[in-house]
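All residue numbers in this chain count up from 1 along the given sequence.
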Amino acid sequence: MTTLASIIVSIAEEMRTASERGAVANYIPPLARVDLDRFGMAVVGMDGATHTVGDAEVPFSVQSVSKVFSLSMALNTMGEELWGRVRQEPSGSAFNSIVQLENEHGIPRNPFINAGAIVIADILVSRYGRENAQTRLLEFLRPLVSDPASIDIDTDVARQERATGFRNMALANYMRTFGNIRNVVEDTLDFYFYQCALTMSCHQLAQVGTYLMTGGRNPLTGERVMSERNAQTILALMMMCGHYDGSGAFAIRVGLPGKSGVGGGILAVAPGVASIAVWSPGLNAKGNSLLGTRALERLVQHTGWSVFRANPWVANPT
């Protein structure tokens, strides 16, 4: 009998022998040094069964995957008022583009492009203050994992992102001229760089994503993390915008809400079925994990977990 465990083992073996692996992000020095041969995958099911393979326990920089969590916090704080400052539409542009902001009066297209995530950071700094927002982010994430103390921030990555983040500084200052950044720009960017430097393993990332799998509840405690409506909103945005100008291709190939980061991680969610994290640091031309995308495509081919398929296969968890 085919099992989920055997499926992800076969996927990992295919990824291990792949000749085309993409290229690591080279504009942040710590990311440029990551071994291109790394590959990890973790799947957490609704019943709590967890399957890991490869480098699934190795911590890595989640980068823009963190935008899912800061958006969750901002929605909990502001509710629907949030959409007056950032829209809910695909951008069709690169993740760090400044082009649309002038024509659209400083309102970013969605919360997952850099400009939108900087606005979300500004909202959280307004609500909590710069340092307390950092504390609140970790407090949001740690109850979702079995080893909470190990989720932390790579301060070297945060420092070097700050030192090289000239385009993000330009985005923040430009939005400030439209009144859509309301704090001291340096404070907002400090929190933005901080959240991007979150470090966790595939296993932990898959555990964190379970609140989206369950419609907003922490499956470890049964407590509600966010409303079901907000969880659905985030999944919809992940599907439409989670891979920037590669989101449409990802939706067709994989068929799951997903959010990528230039550290090579992807968080994907099969609602009501599984939370999945994959890590391979080599990126494609759009800045998304090349082998991570391929691995998720293979997983969905085997399981039928695409949200566009009527009758997905339910794996034997052994």
Side-chain angles (χ1 to χ4, degrees), residues 28 30-31 33-35 38-74 76-77 120-121 124-125 127-162 190-214 216-226 231 234 259 261-269 274-279 281:
I28 304 169
L31 300 187
R33 296 192 292 267
V34 177
D35 184 354
R38 292 285 197 181
F39 177 84
M41 192 172 195
V43 181
V44 179
M46 279 290 287
D47 61 356
T50 301
H51 302 277
T52 61
V53 71
D55 297 311
E57 304 294 345
V58 177
F60 66 94
S61 184
V62 303
Q63 292 292 310
S64 287
V65 180
S66 67
K67 295 172 183 177
V68 172
F69 314 134
S70 58
L71 175 61
S72 298
M73 293 171 62
N76 284 348
T77 298
I120 298 300
L124 294 175
V125 170
R127 176 66 177 84
Y128 299 116
R130 179 175 59 85
E131 292 186 6
N132 199 31
Q134 297 173 358
T135 301
R136 290 296 185 106
L137 176 63
L138 293 177
E139 288 176 348
F140 179 83
L141 295 170
R142 285 175 170 166
L144 292 159
V145 300
S146 53
D147 54 343
S150 61
I151 289 185
D152 213 340
I153 304 298
D154 187 324
T155 55
D156 182 49
V157 171
R159 179 181 59 81
Q160 298 209 43
E161 291 215 43
R162 189 181 300 109
D190 270 356
F191 177 67
Y192 174 74
F193 294 136
Y194 178 96
Q195 75 167 54
C196 288
L198 266 170
T199 298
M200 61 182 86
S201 67
C202 281
H203 186 179
Q204 292 169 324
L205 185 56
Q207 285 185 310
V208 167
T210 54
Y211 76 94
L212 296 170
M213 171 188 73
T214 60
R217 288 192 182 275
N218 180 344
L220 296 178
T221 65
E223 296 178 355
R224 183 157 289 283
V225 177
M226 65 190 321
I234 289 173
K259 182 70 195 81
V262 296
I266 302 175
L267 172 65
V269 179
S275 174
I276 309 137
V278 62
W279 173 49

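- Of all heavy-atom pairs between F60 and G265, the closest is CE1-CA, 3.7 Å.
- Here CD of E57 is found 5.0 Å from OG1 of T52. Values are rounded to the nearest 0.5 Å.
- Rounding to the nearest 0.5 Å gives a distance of 5.0 Å between OH of Y192 and OG of S64.
- With values rounded to the nearest 0.5 angstrom, D152 atom CG is found 10.0 Å from M200 atom CE.
- Minimum heavy-atom separation, G216 to A231: N-CB, 3.9 Å.
- Distance alone, capped at 3.5 Å, is enough to place a donor-acceptor pair between the D154 side chain and the V157 backbone.
- Looking at residues two or more places apart in sequence or on another chain, you find no ring pair (Phe, Tyr, Trp, His ring centres under 6.0 Å) involving Y194.
- Between G45 and M213 the shortest heavy-atom distance is O-CE, 3.8 Å.
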- Item | side-chain contact (heavy atoms from CB on, under 4.5 Å) between T77 and Y128, intermediate numbers included | CA-CA 10 Å; T77 298; Y128 299 116; 3.5 Å; yes
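- Among all heavy-atom pairs drawn from A42 and A206, the shortest one is O-CB, 3.8 Å.
- Panel note: side chain D190, backbone R130; no donor-acceptor pair is recorded below 3.5 Å.
- With sequence neighbours excluded, no residue forms a side-chain hydrogen bond (donor to acceptor under 3.5 Å, both in side chains) with T214.
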- Between L198 and L138, does a side-chain contact (heavy atoms from CB on, under 4.5 Å) hold up when you go through it step by step? CA-CA 9 Å; L198 266 170; L138 293 177; 3.9 Å; yes
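- Within the 4.5 Å cutoff, the side chain of S61 has heavy atoms near those of the L31 side chain.
- The OG1 atom of T199 sits 10.0 Å away from the CD1 atom of I151 when rounded to the nearest 0.5 Å.
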- Task: Apply side-chain contact (heavy atoms from CB on, under 4.5 Å) to L267 and V208, showing your working.
- Result: CA-CA 9 Å; L267 172 65; V208 167; 5.8 Å; no
- Message: Let's go through Y211 and F140 carefully: what are the C-alpha distance in whole Å and the side-chain angles of both, what is the deciding distance for ring pair (Phe, Tyr, Trp, His ring centres under 6.0 Å) to 0.1 Å, and is it a yes or a no?
- Response: CA-CA 11 Å; Y211 76 94; F140 179 83; 5.5 Å; yes
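- Rounding to the nearest 0.5 Å gives a distance of 10.0 Å between CD of Q195 and CD of Q63.
- The shortest non-hydrogen separation linking C202 to A277 is O-CB, 3.3 Å.
- Between the W279 side chain and the G263 main chain, a donor and an acceptor come within less than 3.5 Å of each other.
- Taking CD1 from I266 and CD1 from I276, the interatomic distance works out to 10.5 Å, rounded to the nearest 0.5 Å.
- Smallest separation of non-hydrogen atoms from D147 and S150: O-OG, 2.8 Å.
- Checking side-chain atoms of N76 against main-chain N and O of V225 turns up a donor-acceptor pair under 3.5 Å.
- For the pair I120/K67, no side-chain contact is recorded, criterion being any heavy-atom separation below 4.5 Å from C-beta on.
- Each of Q160, E161, R159 was checked for a side-chain contact (heavy atoms from CB on, under 4.5 Å) with P30, and the lone residue meeting it is Q160.
- Between the side chain of S70 and the main chain of V68, no donor-acceptor pair closer than 3.5 Å is present.
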